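Structure first, commentary second.
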Amino acid sequence: MKEAYNFEEIEKKWQKIWEERKIFEVKEDPARPKFYCLEMYPYPSGRIHMGHVRNYSIGDVIARFKKMRGFNVLHPIGWDALGLPAENAAIKHGIHPKKWTLDNIDYMRSQLKRLGISYSWSREVNTCLPDYYRWNQWIFLKMFEQGLAYRRMSWVNWCPQCRTVLANEQVVAGRCWRCDSEVSQKKMEQWFLKITAYADELLSGHEKLNKWPEHVLQMQKNWIGKSEGALVNFKVPSINKNIEVFTTRIDTIYGATFVVLSVEHPLTPELIAGHPEKEKLLAWIKKTIAENRVRKEIKEEEKTGYDTGLKAINPFTGQPVPVFLANYVLMDYGTGAVMGVPAHDQRDYEFATKYNLLITPVIKPASPDINPLAGQAFEEYGILFNSGEFDGLKSEQAMEKMAAVAEARGFGCKSVTYRLRDWGISRQRYWGTPIPVIYCEKCGLQPVPYDQLPVEIPYRAEFTGEEGSPLEKIPEFVNTTCPKCGGPARRETDTMDTFVDSSWYFFRYCSPQESKLPFDPEKVDYWLPVDLYIGGVEHAILHLIYSRFFTKYLRDLGLSRTDEPFPHYLAQGMVTKDGSAMSKSKGNVVDPDEMVKAYGADALRIFILFASPPEKEFAWSEEGLEGCYRFILKIWNLVEESLDVFRARTDVSGELDNAGSYQRVNKKLHQTIRKVTDDIEQRFHLNTAISALMELTNSLKKEKDILRQSQKGRELLKKALTDLILLLSPFAPHLAEELWQKTGQAALVAETGWPVYDPELAKEEMITIVVQINGKLRDKFEIEAETDEEILKEKALNLPRIRELLGGKQPKKIVCVKNKLVSLVV
RNA sequence: GGGCAGGUGGCGGAAUUGGCAGACGCACUAGGCUUAGGACCUAGUUCCUGAAUAAGGAGUGCGGGUUCGAUUCCCGCUCUGCCCA
C-alpha cells in the first residue's frame with residue numbers, strides 16, 4: 001500500500017528535527033571554506049509577503065547547496081524592527097510600537113520557520129532592542145569624534161495643522177497623510193553623516209564589484225554623480241563680493257552672458273538689498289524655496305527668475321553680465337551658482353530666451369558635417385571661437401588650459417563635485433535609535449559618554465501624531481544632566497534614520513551576543529565579506545550605498561579588514577500578478593500562508609523558483625503552483641513505487657533485458673547532476689535546474705519498470721533515485737528528507753554531500769548533425785560525437801535527400817562544424 | 001531629456017560560446033481509466049497552405065547590416081518597465 005503525501009505532517013516533522021539537532025548552527029572553522037549567504041532582512045510589517053518568500057527561497061537554495069558542497073555556511077536572519085509603521089500603528093490603533101513590532105516578529109518568525117528556510121536562528125538580530133541599537137549610538141559617537149557626524153540647518157516637511165515634522169512617505173501629493181492639509185517646509189537643525197568623505201572610494205570601489213548587475217552600479221554612479229570641472233569667481237564690484245560658480249564646461253565661458261544663483265544662496269540677501277521691488281522679490285523667493293522642496297523636476301515653462309539689477313564681471317571676457325536669481329539652480333549642487341551659457345546649455349538657452357538675454361555662441365562643431373540645430377543650445381564638444389586667446393582649441397584641451405589660466409590668475413581652479421549629499425539621519429520620531437547627544441546651557445553640545453550607552457527609547461509615551469515627536473513630551477527622557485558639568489541639560493530628541501540600523505546588521509550576525517564592541521573583529525574577519533547578497537533592487541541605491549559607506553568606515557576605525565561588504569549582489573526581480581507589482585493598494589496580494597496551507601511549503605518554494613530566473617520579474621499564477629505540487633506528487637509516487645530497489649532481493653535475474661534503457665537513464669542522471677550543479681553554482685538559474693529535475697523524474701518514471709527487471713538496472717534506479725533526492729533537497733528540503741528516510745538512509749539530507757557526476761558519462765556519444773542548404777535546415781543524421789569534419793561532409797553529401805536537392809550540382813562552399821552541422825552553399 | 005533592463009506560442013519561460021527556435025511547466029484538445037474527480041495514463045498543441053502521421057512556406061517588437069548561418073553581434077526605430085533629472 002502506497003503512503004499518501006501529507007505535506008503538513010512531513011514539513012512540521014523535519015522543521016522540528018532541523019531545529020532540535022541544530023543542523024544550521026555554525027561556528028568559525030578555519031579548516032573549511034566559509035560561505036556567508038545573506039538575504040535582506042525584513043521589516044516586521046505583520047506578515048510575510050510573496051517577495052519575502054521569493055527572496056528567502058532563493059537564498060535557501062544557495063545556502064543548502066553550499067553546505068552540501070562542503071562549505072561552512074552562515075545563513076542568518078533578523079529584523080529591521082525600528083521605523084515609522086510601528087508608530088503609525090500606535091497612532092491609529094493605540095498599540096505600543098514595541099508590542100506591535102515584537103508581536104509581528106513572533107508571527108513572521110513562525111511563518112519563516114514554516115517555509116523551512118535553513119536559518120541559523122541563534123544569530124537572530126533585532127534592531128529595536130537596546131542590545132542592537134546601542135551600537136548605532138556607539139558608531140555615531142565615533143563618527144562624531146572624527147567630525148563625520150555633524151549638525152547643521154536643513155529643510156524638513158512640516159504639517160502646520162498637526163504641528164509636526166513629516167517623513168517623506170507621510171507626504172502624499174504635497175499634503176499631510178493624516179489631516180490632508182498642505183505641507184510646508186521648515187528649516188531645522190539636523191544631524192548628518194559625512195558620507196561625502198567616502199564619495200571617491202564609493203565610486204572607485206565599483207571596480208571590485210564585478211559580480212554586481214551592471215545597471216545597479218550605474219544607478220549608484222548616477223547617485224554619486226561625480227563631475228569634474230572648475231570653479232570660477234565672478235566679481236560683483238558694486239557690493240565687492242565674489243560669486244563662485246561651478247562649471248563642467250569652462251571651455252564655454254566666453255559665452256557666459258549672465259550668472260544665476262539659487263534663491264537659497266547665502267549671497268542672496270546682499271544681492272537684493274537695494275532692489276526696487278524688494279517686497280515682491282522676497283515673496284517670490286519664499287514661494288520658490290517651498291516649491292523647490294516639493295517639486296522633483298523643473299520643466300521648461302516653469303523656469304522663472306528675477307534680475308537683481310547687479311552686474312558681475314566675467315573674468316575671461318572682462319565684460320559685465322547680469323546677475324539673476326532663478327528656480328532652476330539648486331543650492332544643493334555645486335556652489336549654488338552657475339554661469340549662464342545660453343548658446344551651449346539648453347536650460348540656460350530657455351532661460352535666456354524667456355528673459356531676452358544675450359546668446360553668444362563660442363563653440364562650433366569639430367566636424368563641418370554637423371550643423372547645430374537652430375532654436376536650441378549646441379551642447380556637444382567642439383572647437384572654440386569668439387574666445388580670445390583660446391580660439392581654435394578643442395573643448396577638451398580648452399578645459400585643461402582655461403582652468404590652469406584661471407588658477408594662475410587667481411580667479412578659479414579645477415574642481416570636482418558630487419551629486420551625493422551628506423546623509424541626513426535626523427528623524428523627529430519615537431521609534432528609532434535616540435541620537436546620543438546632550439545639550440547643556442553652559443557647556444553646549446555634549447556627546448553621551450560611552451559608558452552611559454545605550455540611551456534607551458523610553459517605553460512610556462503618547463502617540464497622537466500631533467505636535468512634534470513623542471520624545472519631546474517625555475520629561476524623564478528630555479531632562480538630564482550634563483556629562484561634563486553635571487548641570488541641567490536636555491537630551492537630543494531626534495532619532496536616527498533606520499537605514500543606519502541596516503547599514504551594518506550583517507556585521508552583527510557574526511557575533512550577535514558581543515557586548516564590548518558592535519561585533520567581534522575576529523569573527524567578522526572570518527565571515528565577511530558576505531559571499532552572496534540577495535534582495536530587491538529597490539534598495540540598490542540607498543541601502544547598498546550606506547552599507548558600503550559603513551563598511552569602509554568600520555574598516556578605517558580598525559574594526560574590520562573588509563573594503564566591500566557585498567562582492568556579489570543578486571538583485572531579485574519583482575513579484576507581480578495580473579501585470580502589476582503585488583501591493584495592498586492594487587488589491588492583488590496573494591498570502592503565502594494560504595498557499596502553504598493548501599499546497600505545502602515545498603510546492604510553494606519550487607513554484608516560486610521555477611516560474612522565472614531570480615533576477616527577472618516573477619508572475620504569480622496559482623495554476624503554476626498546482627503544477628509544481630503535481631511534480632512533487634510525481635516524485636513522491638515514483639519513490640514510493642520503487643522502494644523495493646532499496647531492499648536486497650535475490651529473485652531478480654542478473655542480466656539486463658534492456659541495455660538501451662540503462663544507457664539512457666545513466667546518461668540522463670549524470671547530465672542532470674551536471675546541469676543542476678552548474679545552474680545553481682554558476683548561473684543562479686534555479687528555474688532551469690528545476691526543469692532538469694523534472695526531466696529526470698519523467699525519464700525515471702518511464703524507464704523504472706524496465707530497469708527493475710535486472711540486478712544492474714535495480715542498482716542504477718537506486719542510485720538515480722538517491723541522487724534525485726539529493727539534487728531536489730535545496731528546493732524541496734522537507735520532501736527530500738522524508739524520502740531520504742524512506743529509502744533507509746540514517747543521516748539527514750542536509751548533512752549529506754552533493755552528488756558528483758562523471759564527465760565521461762555525461763557526454764553525449766551520439767550527436768545529431770544538422771545539414772543546411774543555404775542556411776535552411778534540410779536534413780539531419782546521427783553520428784558518433786567528435787567525428788572528423790571530413791567524414792561529416794562526406795556523409796552529408798551522400799544523404800539521399802541532400803543529393804536530390806543538390807541535383808548533381810557541386811556546392812560552392814561547405815562549412816563543417818564538429819558536433820554541430822554541415823552547411824552547404826549553392 | 002539621460003542611463004539601464006527588457007520585448008520569443010494562448011501564458012510563465014528555455015535556447016550557457018553565432019549553429020535543430022519553442023526545453024520544462026501551465027492552459028487547451030482528443031482518447032483511456034474511474035461511481036466520481038481539480039486525481040491518474042496515452043497522444044497532440046508556433047502560425048499559414050494541405051485530408052495528411054506527406055510536403056512546403058513564414059516565424060523570436062519593426063526596418064536594415066555583418067555572416068554559409070543571427071533570438072544571440074552591429075546600426076536605426078518603436079513599445080514596456082525601472083532608476084535618475
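Keep in mind the model is a prediction, meaning the values are calculated, not measured. Hydrogens, waters and symmetry mates are skipped; everything else that's a heavy atom, side chains included, is used. By convention in this document, chain letters (A, B, ...) are assigned in the order of the sequence lines, proteins followed by strands, and residues within each chain are numbered from 1.
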Apply the syn/anti split at 90° from 0 to B:G9 and say which one it is. syn
Base of B:G19, side chain of A:Q772 - is there a donor-acceptor contact under 3.5 Å? yes
For B:A5, which nucleotide in any strand shown is its Watson-Crick or wobble partner with both distances under 3.5 Å? B:U80
The residue, A:S823 or A:M574, whose nearest nucleotide of RNA chain B is more 5′ is A:S823
Taking only heavy atoms on the protein side, list every residue of residues 600-620 of chain A lying under 4.0 Å from any atom of RNA chain B, sorted numerically. A:F610, A:A611, A:S612, A:P613, A:K616, A:E617
Using the C1' atom in both, what is the distance from B:C74 to B:U66, to the nearest Å? 7 Å
Just to confirm, is there a sub-4.0 Å distance from OP1 or OP2 of B:A15 to any side-chain nitrogen or oxygen of A:R683? yes
Are more than 12 heavy atoms, taken from residues, nucleotides or ligands other than A:E789, located less than 6.0 Å from that residue's CD atom? yes
Quick one: on RNA chain B, does A:V537 or A:H685 contact a more 5' nucleotide (nearest heavy atom)? A:H685
Under a 4.0 Å threshold between the charged nitrogen and the carboxylate oxygen, would A:R249 count as salt-bridged to A:D345? no
Pair A:M582-A:H49, side chain to side chain contact (heavy atoms under 4.5 Å, CB included): steps then yes or no: CA-CA 9 Å; A:M582 261 192 201; A:H49 58 66; over 6 Å; no
With a 4.0 Å heavy-atom cut-off, tell me which residues in residues 687-695 of chain A come close to RNA chain B, sorted by residue number. A:N687, A:T688, A:S691, A:M694, A:E695
Can you tell me, in whole Å, how much space there is between the C1' of B:G18 and that of B:G12? 27 Å
Base, sugar-phosphate alone, or nothing: which one does A:V815 contact when heavy atoms must sit under 4.0 Å apart? base
Rounded P spacing from B:A85 to B:G63 in Å: 37 Å
Under 6.0 Å between ring centres: does that hold for A:H568 and A:F684? yes
Taking 4.0 angstrom as the limit, do A:R347 and A:E350 come out as a salt bridge? no
Distance, rounded to the nearest Å, where A:K776 contributes NZ and B:G59 contributes C1': 11 Å
Counting only Watson-Crick or G-U wobble pairs whose two distances fall under 3.5 Å, which nucleotide matches B:U67? none
Quick one: do A:E681 and A:R69 make a salt bridge, cutoff under 4.0 Å? yes
Using a 4.0 Å heavy-atom cut-off, does A:K675 contact any base of the nucleic acid, only the sugar-phosphate backbone, or nothing at all? base
Measuring to OP1 and OP2 of B:U16, would you say a side-chain N or O of A:R674 lies under 4.0 angstrom away? no
Using atom NZ of A:K634 as one end and atom P of B:U42 as the other, report the distance to the nearest whole Å. 9 Å
Nearest-Å distance for atom pair CD/C1', residues A:E622 and B:C11: 16 Å
Can you tell me how far P in B:A30 sits from the matching atom in B:G19, rounded to whole Å? 40 Å
With P as the reference atom in both, quote the distance from B:C28 to B:C77 in angstrom, rounded to an integer. 43 Å
Just wondering, more than 12 heavy atoms not from A:E622 lying within 6.0 Å of its CD? yes
Picking from B:G19, B:C40, B:A15, the nucleotide nearest the side-chain atoms of A:R630 would be B:C40
Does A:K813 make a side-chain donor-acceptor contact with the base of B:C68, cut-off 3.5 Å? no
Partner lookup for B:A15, please. Criteria are Watson-Crick or G-U wobble with both distances under 3.5 angstrom; report none if nothing qualifies. none
Should A:K763 and A:E760 be marked as a salt bridge (charged side-chain N to carboxylate O under 4.0 Å, His left out) after you check the CA-CA gap, both sets of side-chain angles, and the distance that decides it? CA-CA 5 Å; A:K763 264 189 203 155; A:E760 284 306 312; 3.3 Å; yes
Given that both distances must come in under 3.5 Å, which nucleotide forms a Watson-Crick or G-U wobble pair with B:A30? B:U42
Which whole number of Å gives the distance between the C1' atom of B:A43 and that of B:C33? 15 Å
With rounding to the closest Å, how many angstrom separate the P atoms on B:U46 and B:U35? 35 Å
Please work out if A:R778 contacts a base, only the sugar-phosphate, or nothing of the nucleic acid, heavy-atom cut-off 4.0 Å. sugar-phosphate
Could you give the CD1-to-P distance, from A:I632 to B:A39, as a whole number of Å? 16 Å
For residues A:D251 and A:S395, is any side-chain donor paired with an opposing acceptor at under 3.5 Å? yes
Between CD of A:Q671 and P of B:A15 the distance, given in whole Å, is 16 Å
For the rings on A:F607 and A:F618, is their centre-to-centre separation under 6.0 Å? yes
To the nearest Å, give me how far apart CG (A:L420) and P (B:C83) are. 19 Å
Could you verify whether a donor N or O on one side chain and an acceptor N or O on the other, from A:D200 and A:Y418, lie under 3.5 Å apart? yes
Check every strand shown and say whether A:N698 touches a base, only sugar-phosphate, or nothing at a heavy-atom separation below 4.0 Å. sugar-phosphate
Do A:E594 and A:K597 sit within salt-bridge range, that is, some charged N less than 4.0 Å from a carboxylate O? no
If pairing requires Watson-Crick or G-U wobble contacts with both distances under 3.5 Å, which nucleotide is the partner of B:G56? B:C48
Using atom P in both nucleotides, what's the gap between B:U72 and B:A55 to the nearest angstrom? 29 Å
B:G50, syn or anti by chi within 90 degrees of zero: syn
Atom pair distance, as rounded to whole Å: CD1 in A:I541 and C1' in B:G3: 11 Å
Rounded distance in Å - CG (A:L625) to P (B:C26): 12 Å
